[in-house]
Novice: 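Starting off with a structure, shown below.
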Amino acid sequence: MKFASSYEPNQYESDIYAAWETSGVFDPTIPTVPVDDDASGHDDREELREAESEFRGAFATTGANDEASPVTTGASEEATRSSDSASSTFSIVMPPPNANGNLHIGHGLTIALEDSLTRYYRLKGKSAWFIPGADHAGFETWVVYERELEKHGHTRFEFSRDELYSRVWNFVAEQRGNMELQLRALGASCTWDDLTFTLDENVIDHVYTTFEKMWNDGLIYRDKKLVNFCPKHQTAFADIEVDHLDEPGTLWDIAYDDIIVSTTRPETLFGDTAVAVNPNDDRYKDLIGKTVHLPLTDREIPIITDEHADPEYGSGAVKITPAHDFDDFEVGNRHNLERIQVISEDGKMINVPEKYEGLTTAECRKQVLKDLKDQGLLKGEKKITHSVAHCYKCGTTIEPMLKNQWFVDVKSLAKTAIEHLKNDEIKFHPASKKNIIINYLENLKDWNISRQIPWGIAIPMFRNATAEATDEPEWIFDRRTNLKEIEKSGVKYIRDEDTFDTWFSSSHWPIICTNWTEENFNPYYPLNVMETGADILFAWVARMIMMGLYVTGEVPFREVYLHGLVLDEHGKKMSKSKGNVINPMDLVTKYGSDAFRLGILRGRSAGLNQAFSEQSVISGRNLCNKLWNISRLIQGIVDDDKGTESRGAFATTGANDEASPVTTGASEEATRGSVLLSCQTDNMGEDWICREINACLDQLETSMKNYRFSEAVETLYSTIWDKYADWFLESQKLYKNVGLLKKTLETLLIALHPFAPFVTETIWQNLSWTSGLIIAEKWPSRLEFDPISAENFESIRTIVSEVRGTLASLPGANKDKKFNLLYDKDSLVEDNLLLIRTLTKVPAINALSGAPRGLRLALANHELYLDVDEKTVNAYKDALTEKILAVGRELDSLNARMMNPNYVDKAPRNLVKETEDAIKEKSALIDRLKQQLSLI
RNA sequence: GGGUGAUUAGCUCAGUUGGCUAGAGCGUCUCGUUUACACCGAGAAGGUCGGGGGUUCAAAUCCCUCAUCACCCACCA
């Protein structure tokens, strides 16, 4: 197979993905918990026991093999000790994208992160399970569908709840598929057979089981409370779904007899049932306990005292409307005040004098103000800025509304969660989020889980249809939500029309996806890591923790990685109205999936909102092409080599093999109990690249363990490009160690695979000597090398760089002016004449005979001269002077450090020694350069 | 009101128990068509690490303070 001169992702990606998918590599190697297809299967104890023993058996066997397997042995001891290495499984769930929509840039980031982790741990030999999902996205989808209805001249009120449900189901079914194709294009190596849709039977089953448990535990209650209500969407919301925006408003002063109250909502005065003043406010002392006449009505309301009234604010007296204000609701509870609802769910006035009945709140406000003014009761107005609650979806002002809703008593759930969090059972990235979530849980209010939209999971509660007279309970739990009404013990019950807040079911996600059950041991629960957006820390992560602990007694995941928002290239939030939205699929089409993944991971760290631009994707594309061409070069060398049996054989040796003549350069920690790959290295460059690749693997493993994706990519980038291609391969154009070229290329391909799966697999399939799929390869072992030889290559690199730099800075330097290199008694140079000549492109390197001549290179430990003519030396005088000054400055600062007795005294000895050595080196260098200058 | 994060090169960002001359990508400049790659190679310029204090032999890093930006929670009759 011939490599084209550049990598064209579009030619390969879909075929590569199909090859993975059909090969079965996306499936975890340890069998997952058996799913009961029919509900009756639950009772089959025998089967369950069998499944469990199979499970444990598989788990134990793999664990035992692990010790001898080379897969994990490359890891340092520290890594092996960490929790993620302790088990042979790796599990992660996909935050389910909306089944109804296209993927946006945030999904692109999520998949890049999660799939890199999955592929990395799969290569590391773990049984990796990346579980995909699709979200019915209750409210989101509902809003889209309702718009659809409106477009066709319908409203939701023309249909029954069940009709609407099936209509939306069909609507979503039509839309589905797109999202899954896009996940494939991004390279998500997830187990498709286990895709969970948030309205699947087993989801509902889990949710009902939990709900029943909560109901029996007394954690579910029904209450008429003030809830956030969107008059447009006709549904209640949790606090978290409400946007608070600062807005200009007016504070009106209204006379209630002798007392002036301040309000921004005069239209709600019909619902007033008291006026409150602060108990310490002397101004109103005499009025306390008396009543005042409520304007525009014939009602009298009491004046009460409550801390809620702030003497500093407005008049210091505040009207209390328990049915339409959260604070007033609380005041009302404290003082047993009547709740009078004056605004209906569609935003019209009710229970008000006929004149105002049926007006919208806005119309009513106008009328009330006019009437108050006419009666001389409007005493003043002031422009203020206050925060107003809005529906996060449509922006409509939220109306606090008295409604009967189902609530979860969160006290015990939050308390348990806090205990486990404080016990450090979950590690957060970034770490600061742990305290934030604890703080949130400490102040959590009860959770309203009722939603008045048809698209969602029905709440499995039925109301006694007969009169209250019976002894039967008013509400009963029952799973038969497909029925509108049921009969039990001869009593008729009618289903509650409401559906669950989507977060109630979402909070079960790790449990549902891994098919956790009480009976089965499940090695995939808790998840190794939960990766999601920092913006849903409270809405989702906090609730998964509470729910996971409540249902399973264990935290649902061991680590949490939170990503921030992907901003546009100027650091601005992407939005349709700004027109700065980047579609990930466009970038994938244009530059390839790998380029997108590398680009979006680069320069990104946990929890931060960070900018993203096409430039970074281009940079990723370039790396893919570079790697492609590296492979092309090596394949060419391999092809030329065929026939001659070179040192292709690699022997696997224990690291502690004392007999080995070559000492290993790897750190003791890294090699302990591990396997090194011994390969014949014939020159310094080969030892050096082995050392560098080992260091790269070390760094990579550390980065991944700490979820530092950007750092991991950065390390690979510089190893592949700056080291492997620019130095090693350039030197291999002379030496051609075919065995080593193959081995090192394989190592780098596998190491990059988690981040750039397509190009690495494509190359793997194109190379003549590789077999199988790279996705199913084993994580590479460390390479054996001679550390002294490797270090010598650093000297060569220093020499070559100095020659190149000096040549480039010579006045009028260009291709016409070539100079030879002279060396004096330097065995390193002498042994590597060809290499240095090739890398520096000087015409010749000669031993110096007689007195030094030409231009001395600024190298401390090597006496090398560029054989330039007098004129050029003279012209270089300024540059040389500048160089001497620069070295002088460095020397000064080093000397200053050593002059400080405290430094010599207190700094670590090795540091002082280093400083001393550096001073010696710089002094020698500066002497020689000065000598050179004096000769000019 | 309470809290979090950010502030480092023209731009976007690294810099993990304080320690060699603060790094990378992109951009800029100079040179280069050497059969892996112009999606390339070689070289270079560019930073008093937001300001001010402090601790330390040593501070981008720790502490205090101020400023600016972003966000979260509470809440504003």
Side-chain angles (χ1 to χ4, degrees), chain A residues 3 5-7 239 244 246 249 251-252 261-265 276 308-310 313-321 325-328 384-388 430 432-433 435-436 439-440 443 534-535 537-538 564-565 567 569-571 573 591 595 599 602-605 607-613 615-616 618-637 702 706 708 710-711 714 717-718 722 725-726 729-730 733 801 804-809 813-815 838 840-841 886 889-890 893-894 897 900-908 911-912 914-915 917-918:
Chain A
F3 280 88
S5 67
S6 67
Y7 172 60
D239 295 343
H244 291 274
D246 280 340
L251 187 64
W252 286 281
V261 301
S262 303
T263 182
T264 54
R265 300 203 62 186
H308 167 64
D310 177 1
Y313 196 93
S315 64
V318 54
K319 68 197 242 344
I320 301 299
T321 324
D325 181 279
F326 287 99
D327 286 325
D328 293 1
I384 56 159
T385 300
H386 61 157
S387 114
V388 179
S432 58
K433 298 292 181 188
N435 286 335
I436 293 176
N439 183 51
Y440 170 77
N443 299 302
D535 52 335
L537 179 68
F538 300 150
L565 288 180
L567 307 173
E569 58 183 323
H570 306 294
K573 220 172 190 169
Y591 300 109
R602 208 120 191 253
R604 199 162 295 280
S605 32
L608 295 179
N609 299 344
Q610 283 167 311
F612 171 71
S613 76
Q615 276 306 331
S616 63
I618 291 174
S619 161
R621 187 268 316 259
N622 293 354
L623 179 67
C624 293
N625 189 60
K626 187 73 182 178
L627 192 64
W628 178 263
N629 273 287
I630 285 169
S631 308
R632 185 175 175 222
L633 171 68
I634 293 175
Q635 183 64 63
I637 293 172
T702 305
N706 297 311
R708 301 172 76 91
S710 180
E711 202 172 71
E714 210 72 54
Y717 203 104
S718 75
D722 303 344
D726 289 351
L729 287 186
E730 287 307 316
K733 284 177 180 171
S801 293
R804 286 171 176 170
T806 309
L807 280 173
S809 65
N814 58 48
K815 60 176 172 172
T838 308
T840 58
K841 299 189 171 58
R889 280 192 294 270
E890 290 168 25
S893 84
L894 290 171
R897 200 175 299 170
N900 182 343
N902 286 323
Y903 175 73
V904 183
D905 216 34
K906 293 184 181 171
L911 207 62
V912 177
E914 272 176 36
T915 312
D917 291 348

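Lettering of chains follows the sequences in order, A, B, ..., and the numbering in each one begins at 1.
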Novice: Expressed in angstrom and rounded to an integer, what is the separation of H244(A) atom NE2 from rC73(B) atom P?
Specialist: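 Nearest whole value for this atom pair: 8 Å.
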Novice: Select from V318(A) and F612(A) the residue whose nearest nucleotide in RNA chain B is closer to the 5' end of that strand.
Specialist: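 It is F612(A) whose nearest nucleotide is closer to the 5' end.
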Novice: Over all strands shown, is F538(A) touching base, sugar-phosphate only, or nothing at heavy-atom distances under 4.0 angstrom?
Specialist: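 Sugar-phosphate contact only - F538(A) comes under 4.0 Å of backbone atoms but never of a base.
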Novice: If you take all heavy atoms of Y591(A) and R621(A), which pair is closest and at what distance?
Specialist: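 So the two residues come closest at O-CG, 3.8 Å.
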Novice: If I take atom CG in residue L633(A) and atom P in nucleotide rA36(B), what distance separates them, rounded to the nearest angstrom?
Specialist: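 Taking CG of L633(A) and P of rA36(B), I get 6 Å after rounding.
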Novice: Specify the closest pair of heavy atoms between T264(A) and W252(A), including all atoms of both residues, with the distance to one decimal.
Specialist: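 It is O-CZ3, 3.6 Å.
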Novice: In this structure, how many angstroms lie between the P atom of rA36(B) and the CG atom of L729(A), rounded?
Specialist: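 After rounding, the reported distance stands at 11 Å.
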Novice: So that I can compare with my own list, what are the stems of RNA chain B, taken as at least three consecutive Watson-Crick or G-U pairs with distances under 3.5 Å?
Specialist: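 Consecutive-pair runs (3 or more) involving RNA chain B: B:1-7 with B:67-73, B:10-13 with B:23-26, B:28-32 with B:40-44, B:50-54 with B:62-66.
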Novice: Under 4.0 Å between a side-chain N/O of K626(A) and OP1 or OP2 of rG41(B), yes or no?
Specialist: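 The answer is yes; a side-chain N or O of K626(A) sits under 4.0 Å from OP1 or OP2.
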Novice: Summarise how protein sits on nucleotides 13-22 of chain B as a single string, 5' to 3': B when a protein heavy atom is under 4.0 Å from the base, S for sugar-phosphate-only contact, - for no contact.
Specialist: SSSB--BBB-
Novice: Taking the side chain of Y717(A) as its heavy atoms from C-beta onward, which of rC57(B), rC26(B), rC75(B) lies nearest to it?
Specialist: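 Comparing rC57(B), rC26(B), rC75(B) against the side chain of Y717(A), the answer is rC26(B).
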Novice: What is the distance, to the nearest angstrom, from the CG atom on L807(A) to the C1' atom on rA42(B)?
Specialist: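 In whole Å, rA42(B) C1' and L807(A) CG are 10 Å from each other.
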Novice: Looking at the side chain of R621(A), which of rC39(B), rA24(B), rA36(B) is the nearest nucleotide?
Specialist: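 The answer is rC39(B).
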Novice: How close or far is atom C1' of rG25(B) from atom CG of D722(A), stated in whole angstroms?
Specialist: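 From D722(A) CG to rG25(B) C1': 11 Å.
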Novice: Tell me whether R602(A) forms a cation-pi arrangement with F612(A), defined as NZ or CZ under 6.0 Å from the six-membered ring centre and within 45 degrees of its axis.
Specialist: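 Relative to the ring axis of F612(A), which defines the angle, R602(A) lies outside at least one limit.
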Novice: Classify the nucleic acid contact of S619(A) as base, sugar-phosphate or nothing, counting any heavy atom under 4.0 Å across all strands shown.
Specialist: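 Result for S619(A) = sugar-phosphate.
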Novice: Rounded to whole Å, please give me the gap between CG in D310(A) and C1' in rG1(B).
Specialist: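 Atom-to-atom, D310(A) to rG1(B), this comes out as 12 Å.
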Novice: Could you give the CG-to-C1' distance, from L627(A) to rC39(B), as a whole number of Å?
Specialist: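 In whole Å, rC39(B) C1' and L627(A) CG are 13 Å from each other.
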Novice: Using atom CD of E730(A) as one end and atom C1' of rU35(B) as the other, report the distance to the nearest whole Å.
Specialist: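 In whole Å, rU35(B) C1' and E730(A) CD are 13 Å from each other.
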Novice: If you compare all heavy atoms of A309(A) against all heavy atoms of G316(A), which two are closest, and at what distance to 0.1 Å?
Specialist: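 Heavy-atom minimum between the residues: CB-O, 3.8 Å.
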Novice: Pick base, sugar-phosphate or nothing for K841(A), based on heavy-atom distances below 4.0 Å to the nucleic acid.
Specialist: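 Contact class for K841(A): base.
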Novice: Please pick, from rA42(B), rC40(B), rC75(B), the nucleotide with the shortest atom-to-atom distance to any side-chain atom of D726(A).
Specialist: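 Selected nucleotide (nearest to the side chain): rA42(B).
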Novice: Counting distance alone, no hydrogens or angles: does the base of rA36(B) have a donor or acceptor under 3.5 Å from a partner atom on the side chain of K733(A)?
Specialist: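 Present.
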